[in-house]
Number of protein chains: 2
Amino acid sequence: MATGDILEGLERRDPAVLARAISLVENQRDGFERVLAHAYSQVARGQARRIGITGPPGAGKSTLTERLIQEFRGGGLRVGVIAVDPTSPFTGGALLGDRIRMESTSLDTGVFIRSMATRGSYGGLATTTDEVADLLAAFGFERILIETVGVGQTELDVAGTAETTVLVLVPESGNGVQTLKAGVMEIADVFVINKSDRPGADKLRQEVGVMLGIRRGNSKAVRRSGGQAAGAVVSDRPTAGPPDRPPFWEPPVLATVAVQGTGVAELTDALDRHYAYLQSSGALEARRRERVRKRMRSVAERAVRQWVWETTRADELLDERLDEVADGRKSPYDVAAEILEQVKSGALR
Amino acid sequence: MATGDILEGLERRDPAVLARAISLVENQRDGFERVLAHAYSQVARGQARRIGITGPPGAGKSTLTERLIQEFRGGGLRVGVIAVDPTSPFTGGALLGDRIRMESTSLDTGVFIRSMATRGSYGGLATTTDEVADLLAAFGFERILIETVGVGQTELDVAGTAETTVLVLVPESGNGVQTLKAGVMEIADVFVINKSDRPGADKLRQEVGVMLGIRRGNSKAVRRSGGQAAGAVVSDRPTAGPPDRPPFWEPPVLATVAVQGTGVAELTDALDRHYAYLQSSGALEARRRERVRKRMRSVAERAVRQWVWETTRADELLDERLDEVADGRKSPYDVAAEILEQVKSGALR
């Protein structure tokens, strides 16, 4: 399909063309940057809100996502979902069952669900996810849910491309919270204790509250505005700072039972409040600019990388040097210096 | 410390200098590539074996690592450990307790333990880990254990730099195996069911066996050599193929209780057998060449990236274009094309 046809198909909101455009972007085939540049021009000032949903395996993220879709659809909003999903060359995807179940909502044209594999996008998954989100936004989806499975660094980077990040925990996480908190706790804007009808839910909620208290106690913003916040305050309202300071956001800790739909309306309320906070505090604009800057850098890096390895003879050079490097006559650093020298001088062709 | 002094300090095996050399490499400070090139020249044909240890949080990897250290030390081997550990700007590292406990062995000069943060090495952690392992190998450590916490893509990439990868599971992983198997199951050469005195251990061992049976049933190597292997065969010996085929490796599924040291000798046996298999099958040489090729590419990419962002005016250009891109007059792809054009023509200075 020619790039022009894709752009035209996106224009008339053909879901089949959207699916093809996403594949084009995922596989970085010819013309993908043109399609993305076009999508970008439509969404730079766009209204779509991006919501990241992350948490350990088994926390019920897919079910919660499904409930959020229903809630948003009930409010007349169109919803795009990107499920970032580790697939396997052997089994063809671990969470296929979850996905198929989730796609029960997909007869509704106001919903579009896409799984993305973490394999193959090595090093650039966050960028690719952000780009697919652009396509969905340009297509007119007003809420974009980005669900990541697992809590590794890659998954955190992916969740970090959203404006609001939800961390879903379950009582079973238990002492897992101890392990989770590093990195994960810090990026969450909203905490959800799912399966909160199970034993241990209150304890977990309390633990998360304590951790947020510590984090708040450590944060300069809080110190500046009084520093009295060492306790386990669990609140779900943005708190106004002193009149000369912007307000800050205290992540709420919500309880849900996603299979029953319990607490989902409260979650969408919290998402709305967080968005309102982002707008009123100026953080939305700041986050967007930061994201744009990261994106420019990442896209430029990719373009340079693709040029080096796919169109010049650098890759061939690696083959030529492999024997010498493998037996220690040269080091990888010698070869890297050789390639860099050619890049610098404009001699790499 | 001057690069020359570092090289000299490494030469006379000063552990304090090793620690500084690792910091130099981790932070990619001036001269790090020279130190690495030197280390590389000593290890290209080296005797150090790299063993990756991965698995979900709470599986007891640190305890098992500690036991492996003791076992190797008992055999007169010097052991280096790289613990890849997600740290947090708020708490200063989630697993510090584990680490301190593990460092109880560190009064022994035949052991060197180093934690590495996943923060800050964005995108290049596998390469940095491999480079730190080179430093340890050049320093004379004969076994290098690379412990990764968590099972995200980054952690898998890190574990993949080892010659032998051990996946540690616990009965509590329960239906986690279902989620884990994608990606993780495939890279493991040896499976360990730790805490195997707990309920569910036999069931888990069986499940893993079944999964390996399926994987074996799917693999071409097995089909070619008979294909009768669809069952839950759990073996711990490399099986010889027909005379005209190289032998293949059937990952063993071992049971340990690391806190008591149970099963650790069997694990080191399995590691030795896997290494012997790698040697006899030619896979060792093939893996090393593959690793060298990846390393050359990754090091060259890093060199180009550092040059672009740290020594040319590309970063400044991003700032200049930020407003236009943020409000949609330009796209990130326009800016990337501009930067690439300058790189190609040798005009980027």
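Chain A is the first sequence line, chain B the second, and so forth, proteins listed ahead of strands; every chain is numbered from 1.
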Do the side chains of A:Gln306 and B:Leu340 get nearer than 4.5 Å, heavy atoms only?
no

Option that, when pairs with chain A are counted at under 4.5 Å, heavy atom only, ranks first among B:Ala336, B:Ser345, B:Ala347, B:Pro332
B:Pro332

For residues B:Asp319 and A:Arg293, determine if any side-chain heavy atom of one lies less than 4.5 Å from a side-chain heavy atom of the other.
yes

Option from B:Arg34, B:Glu131, B:His38 for which side chain to side chain contact (heavy atoms under 4.5 Å, CB included) with A:Tyr333 holds
B:Glu131

For B:Ala300 and A:Ile339, which heavy atoms make the closest approach, and how far apart are they?
CB-CD1, 4.0 Å

Whatever's closer than 4.5 Å to a heavy atom in chain A on B:Leu348 counts as neither

Toward chain B, the part of A:Arg291 with a non-hydrogen atom under 4.5 Å
neither

If you look at every heavy atom in A:Trp307 and B:Val343, which pair is closest and at what distance?
CZ3-CG1, 3.7 Å

Would you mind checking which part of B:Arg302 comes under 4.5 Å of any heavy atom in chain A, side chain (CB onward), backbone (N, CA, C, O), both or neither?
side chain

Residue from A:Glu33, A:Lys330, A:Glu301, A:Gln342 scoring the most non-hydrogen pairs under 4.5 Å with chain B is A:Glu301

Partner chain B: residue of A:Asp323, A:Thr312, A:Asp334 with the largest heavy-atom pair count (under 4.5 Å):
A:Asp323

Quick one: list whatever passes salt bridge (Lys or Arg N to Asp or Glu O under 4.0 Å) with A:Glu320, sequence neighbours left out.
A:Arg313

If every non-hydrogen atom of A:Met296 is compared with every non-hydrogen atom of B:Leu318, which pair is closest and at what distance?
CE-O, 3.3 Å

Flag the one option from A:Asp315, A:Val308, A:Val335 with the top tally of heavy-atom pairs under 4.5 Å to chain B.
A:Asp315

